[in-house]
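Below you'll find the structure, written out as C-alpha cells, and then a few comments.
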Amino acid sequence: MRRGAEKTADLMVIFGITGDLARKMTFRSLYRLERKGLLDCPIIGVASDEMTVEQLVQRASDSIKETGEDFDQKVFARFAARLSYISGDVTKDDLYDDLTAAVKKFKRPLYYLEMPPSLFGPIAEQLGKAGLLEDALVAVEKPFGHDLTSARELNTRLHKVLREDQLLRVDHFLGKEPVIELEYLRFANVAFAELWDRKSVSCIQITMAEDFDVSDRGKFYDSVGALRDVVQNHLLQVLALVTMDPPAGAGADELRDKKTDVFKAIQAADPEHYVRGQYAGYTDVPGVAADSTTETFVALRLEIDNWRWSGVPIFLRAGKSLAVRATEVRLFLRRTPKLAFLPELTRAEPNQIVLRIDPDPGLRLAITARDDGTWRPVNLDTSFSTPLGEPLTPYERLFRGALTGDHSLFARQDSVEETWRIVQPLLDNPPPVHSYKPGSWGPTEADALIRGHQSWHKPWLEKAP
Ligand SMILES: NC(=O)C1=CN([C@@H]2O[C@H](COP(=O)(O)OP(=O)(O)OC[C@H]3O[C@@H](n4cnc5c(N)ncnc54)[C@H](OP(=O)(O)O)[C@@H]3O)[C@@H](O)[C@H]2O)C=CC1
Ligand SMILES: O=C1O[C@H](COP(=O)(O)O)[C@@H](O)[C@H](O)[C@H]1O
C-alpha cells in the first residue's frame, strides 16, 4: 500500500449487487478477502430487485460456487453475516431515505458503483443530495465516458458533489500483480533501469489476445468495440507504466503524475496507423447488429515524443477469437554490431524483455549464448508465482485498495482524459473493418502496419520453470 492510504472505510455499499459483475467477480473476491482476514466492515447491497437478505446470501453462495472457488462454510458464514440489502430505484429519492437510515452510524462509507455507466452521475447526485458523501469514497466501474467529451462531462458532473480525492476510477488491469510489478522491476533493478530507453530499445509491442468470442455480451460489446473496451483503458495504462519516468515519492499522486506526463507526450493516434478487424461470425451473436462494423480486433502504432522514447515505435494489438489467450509487453533491444570473433561475421538476434501479464505472470529475457563456436538464442524465464507466492487477484486488490483509499490503484481524471485524447482520432475516423478467421491472429492488414520493424511475435506461452 502506498503512503496516503491510511483511512479505511467502515462500510461498503455495492450498487448493482444483482448484476453480472457481482455474480462473476464481486462475491468471490470479497469472500477471498474474508478468508485472508482482509475484510472487516459490513456490506450493503443495492439493486432494484425485491429480495430478502436470505435470498441475497443464497445468491452470494451460488455465485461463489459457480466460479469454482474452494468453498469453506465457516468463512462464508463470516462473510454472509456482513451482508444486508436495500432494494429500490437508484434514480428515486425513497431509496436514499432507506440508505440514510442504514449509513448514518458509519463515518467513512465506500460506495462502489457496479451499475450501468449512465447511472454514475445520477447516483452520485442523489448521494450528495441526501448528505451521504461527506467523508465517503465513491468507486465507479469502467467505462469512464465513451469519448473525450463524455468523459469530461461525467467528470464535471461527479465533481459537483465529489472531490477528486473521493473518486476511484476502476481499471482492473491496475490491480494485476505483474502490472504493479512493472514499477519495481524497472526502477529497483539497475539492469533494467539503465537500458529502458531509446538508446537500447528499438521497438515495443503490447499484445492482449483472447481466444474466446464476445459470448453473451453482444449487446454491450457491439456499442463499444475493442478500442474502447481494452485499449483506451487497460493497454494504455500498462503502456504508461512501461514508459513513465520514476515517481518522485511514495504517494499515489506522485505515481499518477508520472503516468500523466508520459500520456501527454504521446501524440494523438493516426488513423493511417490503425487496423480494425472483426471475426467471421460476430454478426450472428445475439445482441449484435446484422450490419455491425464494430471491431473485435485492433492493431495500432503510437509514438512518444520525449527524450526517453522519441523514435521508438510502439505497437499495440488486442482482439477476441484469436489463436491464444495471452497478454504481454515485449521490448526489443537494439541489434549488436557484427561479431568479429565468430567464424562468420554476423550479428546476434536482438535481445528481448518480455513481461507476461496473463496467464502465469512472469519475465523472459531472450539472450544470445555460445553454441559450439557460434551463437544461439536462449530464453531465461521466471514465473513470478514461484518466488513471490500467490498474489491477490485483481478484484481482491481493487476492493482492498478502495476500502483503504489507495488511489494508486485507480485512474486519475487527467490520465483518463489523456487516453481519450490519444484514441479520439481513431474513433472519429475509423478505417474499414477487415474480416478474420476465428482462431487466427487477426486480419493480415495488421502485418502491414508493422512492416519494417520487428514482426508481431507470437506471445510467450510456455510455462516458466
Ligand atoms: N460484467 C462484467 O464482466 C464487467 C462489468 N463491468 C462494469 O460493471 C458495471 C456493471 O456491469 P454489469 O454487472 O455487467 O451490469 P448488469 O446490467 O448485469 O447489472 C447492473 C446492476 O445495476 C442494477 N440496476 C440497474 N438499474 C437500476 C436502477 N435504476 N435502480 C437500481 N438498480 C439498478 C441492476 O439491478 P436489477 O437487476 O435489480 O435492476 C444490477 O444489479 C458496468 O459499468 C460494467 O461496464 C466491468 C468489468 C467487467
Ligand atoms: O475489461 C475487460 O477485460 C476483459 C479481460 O480481462 P482479463 O483480466 O480477463 O484479461 C475483457 O475480456 C473484456 O472484454 C473487457 O470488458
Side-chain angles (χ1 to χ4, degrees), residues 13-29 45-51 55-56 59 63 67 85-96 98-99 112-123 126 139-146 154 169-179 206-238 285 287 294-298 318-322 324-328 356-361 393-398 411 459:
V13 181
I14 303 177
F15 283 79
I17 196 75
T18 57
D20 187 59
L21 182 62
R23 185 171 58 81
K24 288 189 195 147
M25 285 289 171
T26 309
F27 288 123
R28 174 185 185 220
S29 307
V46 176
S48 56
D49 265 10
E50 287 285 341
M51 187 171 48
Q55 285 170 314
L56 178 68
R59 225 176 229 270
S63 306
T67 64
Y85 182 66
I86 296 178
S87 72
D89 184 337
V90 296
T91 61
K92 302 277 161 40
D93 293 353
D94 301 0
L95 181 120
Y96 298 86
D98 294 348
L99 196 57
Y112 197 101
L113 312 191
E114 299 184 4
M115 298 292 289
S118 58
L119 293 175
F120 295 162
I123 295 172
Q126 287 281 5
V140 296
E141 263 295 340
K142 65 170 266 229
F144 199 89
H146 53 87
L154 176 57
R169 296 176 190 79
V170 177
D171 181 324
H172 80 277
F173 265 51
L174 295 179
K176 288 185 186 257
E177 180 69 20
V179 173
I206 302 183
T207 295
M208 178 178 177
E210 298 186 306
D211 58 359
F212 47 88
D213 59 21
V214 299
S215 171
D216 55 357
R217 297 170 74 216
K219 187 160 179 286
F220 155 79
Y221 196 88
D222 204 38
S223 64
V224 174
L227 187 71
R228 286 190 177 95
D229 189 36
V230 298
V231 176
Q232 172 272 331
N233 37 50
H234 306 329
L235 294 195
L236 289 184
Q237 288 291 335
V238 170
V285 174
T294 298
E295 77 283 351
T296 59
F297 172 95
V298 288
K320 302 267 184 212
S321 279
L322 296 184
V324 299
R325 174 177 178 255
T327 301
E328 66 165 39
R356 182 158 67 191
I357 295 173
D358 275 313
D360 186 21
T393 60
Y395 268 95
E396 284 172 74
R397 183 174 280 114
L398 292 179

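Below, each value reflects all heavy atoms present in this structure, side chains not excepted, and no hydrogens, waters or symmetry copies. First listed ligand is number 1; within each ligand, the first listed atom is number 1.
The shortest separation from a heavy atom of S87 to ligand 1 is not under 4.0 Å, leaving the residue out of contact. Heavy-atom separations between D89 and ligand 1 include at least one value shorter than 4.0 Å.
Considering only non-hydrogen protein atoms, atom 31 (C) of ligand 1 sits nearest to G88 O, 3.2 Å. With hydrogens left out, the protein atom closest to atom 36 (P) of ligand 1 is S48 OG, 3.2 Å, a heavy atom. Regarding atom 45 (O) of ligand 1, its nearest protein heavy-atom neighbour is K142 O, 2.7 Å. With hydrogens left out, the protein atom closest to atom 17 (O) of ligand 1 is P116 CG, 5.0 Å, a heavy atom. Atom 42 (C) of ligand 1 has its closest protein heavy atom at M115 O, 3.4 Å. For atom 21 (C) of ligand 1, the nearest non-hydrogen atom of the protein is G16 CA, 3.6 Å. Nearest to atom 30 (N) of ligand 1 among the protein's heavy atoms is V90 N, 3.0 Å. Protein heavy atom at the shortest distance from atom 3 (O) of ligand 2 is H172 CE1, 3.3 Å.
Closest heavy-atom approach to atom 5 (C) of ligand 2 among the candidates E210, E141, M25: E210. The heavy atom nearest to atom 2 (C) of ligand 1, out of those in V224, I17, T18, D20, is found in D20. Between M51, K92, E114, E141, it is E114 that holds the heavy atom closest to atom 10 (C) of ligand 1. Among K176, R228, K142, the residue whose heavy atom sits closest to atom 1 (O) of ligand 2 is K142.
Considering backbone and side-chain N/O atoms, D229 comes within less than 3.5 Å of an N/O atom of ligand 2. Taking distance alone, with nitrogen or oxygen atoms compared against 3.5 Å, L21 approaches ligand 1 more closely than that limit. Backbone and side-chain nitrogen or oxygen atoms of G19 are examined, and one is located within less than 3.5 angstrom of a nitrogen or oxygen of ligand 1.
The distance from ligand 1 to the heavy atoms of D49 drops below 4.0 Å at these ligand atoms: 38 (O). Residue M208 has at least one heavy-atom neighbour below 4.0 Å for each of these atoms of ligand 2: 5 (C).
Between K142 and H234 there is a side-chain heavy-atom pair separated by less than 4.5 Å.
With a heavy-atom cut-off of 4.0 Å, L119 touches ligand 1 through its side chain alone. When heavy-atom distances to ligand 1 are checked against a 4.0 Å cut-off, H172 has no atom that comes that close, whether in backbone or side chain.
Judged purely by distance below 3.5 Å, without hydrogens or angles, the side chains of S321 and D213 never pair a donor atom with an acceptor atom.
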